[in-house]
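Just below is one structure, and these are the notes that go with it.
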Amino acid sequence: MRLSRVTVPTLKEKPAEAEIPSHELLLRAGMMRSVAAGIYALLPLGTLALEKIEDIVREEMNAAGAMEVVLPGLHPSDPWIQSGRWQAYGPEMMRLVDRQGREFCFAPTAEEVITLMVSRTAPSYRDLPLNLYQIQTKFRDEIRPRFGLLRAREFRMKDAYSFHTSEEELDDTYRSMYEAYSAVARRCSLDVRVIDAATGLIGGDVSQEFMVISEVGEDEIIYCTECEYGASAEMEVHRPGVGFGSPESGKLEEVKTPGMVSVEDVAVYLDTDNAHVLKCVLYVVGGEALAVFVPGYREVSEAKLECVLGTGDFHPLREDERELYPAVTAGFTGPVGLEGVRILFDQEVKGSRGLVCGANRVDHHLKGVEEGRDFKADSVADIAYTVEGDLCARCGGVLRKARGIEIGHIFKLGLKYSEPLGASFTDQDGNGKPMVMGTYGIGTSRILATVVELHHDDAGIKWPKAVAPLPLELLVLSPESAEQAKVAADLEQGLKASGMEILVDDRDVSPGIKFNDADLIGLPAQVIIGNKLAEGKIDLKLRYSGERIETFPEGANQAIERAIDVAT
RNA sequence: CGGGGUGUAGCGCAGCCAGGUUAGCGCGCGUGCUUUGGGAGCACGAGGCCGGCGGUUCGAAUCCGCCCACCCCGACCA
C-alpha cells in the first residue's frame, strides 16, 4: 500500500471540532472524517483498524460457539410495538416512514427481530442453546453526541443474542460471553474493569459492563482497590460507614430551627455537621408518600431505590403535591413519631445515635435522637451513593471512584422478550415454553476510539500491533534514488510474500514530513531507508517504545518480523 | 430541550465593535528551480454565493430579523 496512491489526508493542526485525543488523532492521522453531528466516515486506514477489531471480535465469538448472521439495519415497527419498546424508546430511536406510509426504525439494537426470527424456526429443546451475533451499523439519536467516535449517533456494534431452555443454560452462555469479552479487551490492549450495572431500557435481571478506566469516560464507576469488585456509581454496594452520629447516647430534646430546611443550614445553625444530621428525601410511589432517610452526607441513589421498591414508578415529591400528603412536613420530616407514611432507612441509620432530625413540626428539629430508642429502623436497605472512604461490601477494601468508557455490556434477559413476542420452544414433554434469553453487545467503533485514547503520545497514535491498520510503515526518504527505491521494493515484496501488507511512504516530500506523519499514523514499526544506505544500513524504529535499531537490507525481513513480533 | 459559543479558500484563523476600492494571513495545493535523516528556500499561480434567506442603506463579511449547521456545558441515554 503506497502513500502516494492511498488517501491518508493527515492534518498538521488540530481540527476545531476535536476535544479529546482520540477524536483529534483519528482526524489528524487521516483515518476518519465527520459527516454530520455524531456521524463519521472512516477512510482506508481507519477502516483497516476497525476491521482488525471486528475480526478479533469475530474470532472470539466463534470460539465461544456463537454464529454470525446478518440482520437488517431497518426494522419494521410491528415487533417493536409488540415488545413495548416502540413506545419505551422515545426519540432516541430514529424512525422513518417508507413510501407506503409504513413505519420503520434504524435499529439501535435487534432483540425483537432476532427473537421473532428464531421463534419462527419453531425450535425444540434439541436446537437450543443458540447464540447468534451480527456486526452492524447501529443508530441511536443521542441527545448530545460528543467526543467523536466515543459517543457517536451512528456507530458499529457487535450484538449477540442467546436462546435457552433454562436459566442454568443461560448462565453457561453468559459466562462464556464474559470470557470472550475479556479476551477481546485483552487482545485490543485494553484493561477492563467489569462492573455490575443497571439494566436500563434493554431490561432483564443481571447485567455487567466492561469498562475501560479513562478520564474522558462518561460513566462514573466505583471499584475496589483490593478485590475485583466494581459497579456503576448508582448501583455499587458498600459497607455501612461508622462515622454517622455520635458514639455516646444523648438526651432527646426539641429545638427551634426557624427556616432551617437544608442539611447544611441545620448543621450550621445547631453548630454540628452533616455527619450528625439525618437527611429526609420525600418521594411519591404509586400515589403514596415515601420518606427515605439517609445520613446527611449521602445522596439517595434512585437506581438502588428502584431495585428496593421493585418499580421505577416514583418521583420526588413536588411542591404542588405537598398538600396531598399532610403526614409529612416538608423540610422538617423526621422518623420519630412519623405515621401514615411509608418509611425507608439507609443501612447506616441502624444503630446510630446522637442525631439531629426533623421534628415533624414546622421550624423544629430534634437533637440527641437514637435509633432503637426513639424510633425503629425496620425497613433498612443500601440506598445511598458511596462517598469517599466507604469500604467494599465484599472484602472491606477501600472503594474508589473513577470514570470509565463502556466498551461492552452483557445481560441476562430471562423472559423479557420471549414472553411478549411469544417466542417459545418445545420441551421434552412436547409443551411450548418461552425461551430464556441473553444479549451481549460490544462497541467496535467505540473500541477503535478507546484504543487511540489510551495508546498515544504527543506525536500521534501508538497502535498496539493487534489492532494496527498495518504492521509497518516503510519510509523511503529519497524515492527518486534508484538504490533506495530498489531496496524498498525488495523489502515490500519480500514481506508481502510472507503475508505482511505494509504502508510505503513513497511521496516526494521532505523527510521531516515523512517522519512526523509516520509517528502520527502510528503503525507499530517503521523502516527508514535514507542516505545511510550508502553504508549499507537502514533503520528500524518501534513506535511504541521509541527504540531504534540499525540493520541491513539483507535479511531485514527477519529482523522486521521479529521486531514486530515483540512490539506492543 | 435550557445555557454559552462558532460559521470567512482543503485546514487553522484575522477582518465585524466604529458599513466604503480588487476580502486578508499562516499552512496546504499546482508549476519551475534549488533543497533532502525530524513539518526546507525562492519565484510564479489556482482557489471564496464571507452558512442561508430577508431587511436597513447610495453601499453590508461588517448593522437588524428569521432560519440552518457545527462545537461546548447541562438535563438525557447506555
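This structure is a prediction, so every number in the text was calculated from the model and none was measured. Just so it is clear: chains get the letters A, B, ... in the order the sequence lines come, proteins before strands, and each one is counted from 1.
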Flag side-chain contact, heavy atom, 4.5 Å: A:Met157 against A:Arg140: yes
Nearest-angstrom distance, C1' atom, B:C27 to B:A9: 12 Å
d(CD, A:Glu142; C1', B:A75) in whole Å: 14 Å
No-H, no-angle donor-acceptor pair, A:Glu13 side chain to B:G26 base, under 3.5 Å: yes
Pair assignment for B:G48, Watson-Crick or G-U wobble, requiring both distances under 3.5 Å: none
For atom CG of A:Leu27 and atom C1' of B:C70, their distance in whole Å: 13 Å
Protein-nucleotide distance (A:Asp508, atom CG; B:G32, atom C1'), rounded to Å: 13 Å
Nucleotide forming a Watson-Crick or wobble pair with B:A14, both distances under 3.5 Å: none
Length of the OH-C1' vector between A:Tyr40 and B:C70, whole Å: 10 Å
Side-chain touch A:Phe210/A:His409, heavy atoms, less than 4.5 angstrom: no
Interatomic distance at C1', B:C13 relative to B:U8, whole Å: 10 Å
Parallel, tilted or perpendicular: ring planes of A:Tyr89 versus A:Trp80, cut at 30 and 60 degrees: perpendicular
Watson-Crick/G-U partner (both atom distances under 3.5 Å) of B:A43: B:U31
Closest listed nucleotide, where the reference is the side chain of A:Asp517 and the choices are B:U36, B:C11, B:G39: B:G39
Pair A:Lys532 + A:Glu550, salt bridge at N-O below 4.0 Å: yes
Sugar-phosphate only, base, or nothing, as touched by A:Gln484 at under 4.0 Å among non-hydrogen atoms: nothing
Side-chain N,O (A:Arg144) to OP1/OP2 (B:C72) below 4.0 Å: yes
Listed nucleotide nearest any side-chain atom of A:Ala37, set B:A78, B:C70, B:G37: B:C70
Given RNA chain B, 5'-ward residue of the pair A:Arg153 and A:Ile513, judged by closest heavy atom: A:Ile513
For B:C58, the Watson-Crick or wobble partner whose two distances fall under 3.5 Å: B:G20
Nearest-angstrom distance, C1' atom, B:A18 to B:A60: 14 Å
Touch class at under 4.0 angstrom, heavy-atom based, for A:Lys514 against every strand present: nothing
Short side-chain donor-acceptor distance under 3.5 Å, A:Ser214 and A:Glu453: no
Spacing of A:Leu11 atom CG relative to B:G26 atom C1', expressed in whole Å: 15 Å
Candidate nucleotides B:C1, B:G37, B:G28, ranked by approach to the side chain of A:Lys12 - the nearest: B:G28
Under-4.0 Å side-chain N/O to phosphate OP1/OP2 contact, A:Ser510 with B:A40: yes
Among B:G74, B:C13, B:A78, the nucleotide that comes nearest once only the side chain of A:Ala16 is considered: B:C13
Minimum-distance nucleotide to A:Arg146 side chain [options: B:U36, B:C1, B:C72]: B:C72
A:Phe515 CZ to B:U36 P, straight-line distance once rounded to whole Å: 14 Å
Greater than 12 external heavy atoms within 6.0 Å of A:Arg507's CZ: yes
Nearest-nucleotide pick for A:Phe147, side chain only, options being B:C73, B:G38, B:A40: B:C73
Over 12 foreign heavy atoms within 6.0 Å of CD, A:Gln493: no
Closest to the A:Glu19 side chain, choosing from B:G38, B:C72, B:A78: B:C72
Atom C1', compared across B:G55 and B:C44: separation rounded to whole Å: 44 Å
Distance below 4.0 Å between A:Asn516 side-chain N/O and B:G38 OP1 or OP2: no
Nearest-nucleotide 5' precedence on RNA chain B, A:Arg28 against A:Glu406: A:Arg28
B:C50 and B:G4, which share atom name C1', separated by this distance in whole Å: 24 Å
Interatomic distance where CD belongs to A:Glu550 and P belongs to B:G37 [whole Å]: 15 Å
Quiz item: A:Arg548 side-chain donor-acceptor pair to B:G38 base, under 3.5 Å: yes
Spacing of the P atoms in B:C17 and B:G65 (rounded, Å): 15 Å
More than 12 heavy atoms of other groups within 6.0 Å of A:Asp191 CG: no
Nearest-Å distance once atom P is located in both B:U62 and B:C53: 12 Å
Euclidean distance, atom NZ of residue A:Lys537 to atom C1' of B:G37 [Å, nearest integer]: 14 Å
Nucleotide nearest A:Ile143 (side chain, heavy atoms from C-beta), chosen from B:G12, B:C76, B:U36: B:C76
Assigned partner base of B:C53, Watson-Crick or wobble definition, under 3.5 Å: B:G65
Pairwise C1' distance for B:U31 and B:A14, with rounding to whole Å: 29 Å
Sugar-phosphate, base or nothing in reach of A:Leu475, heavy atoms under 4.0 Å: nothing
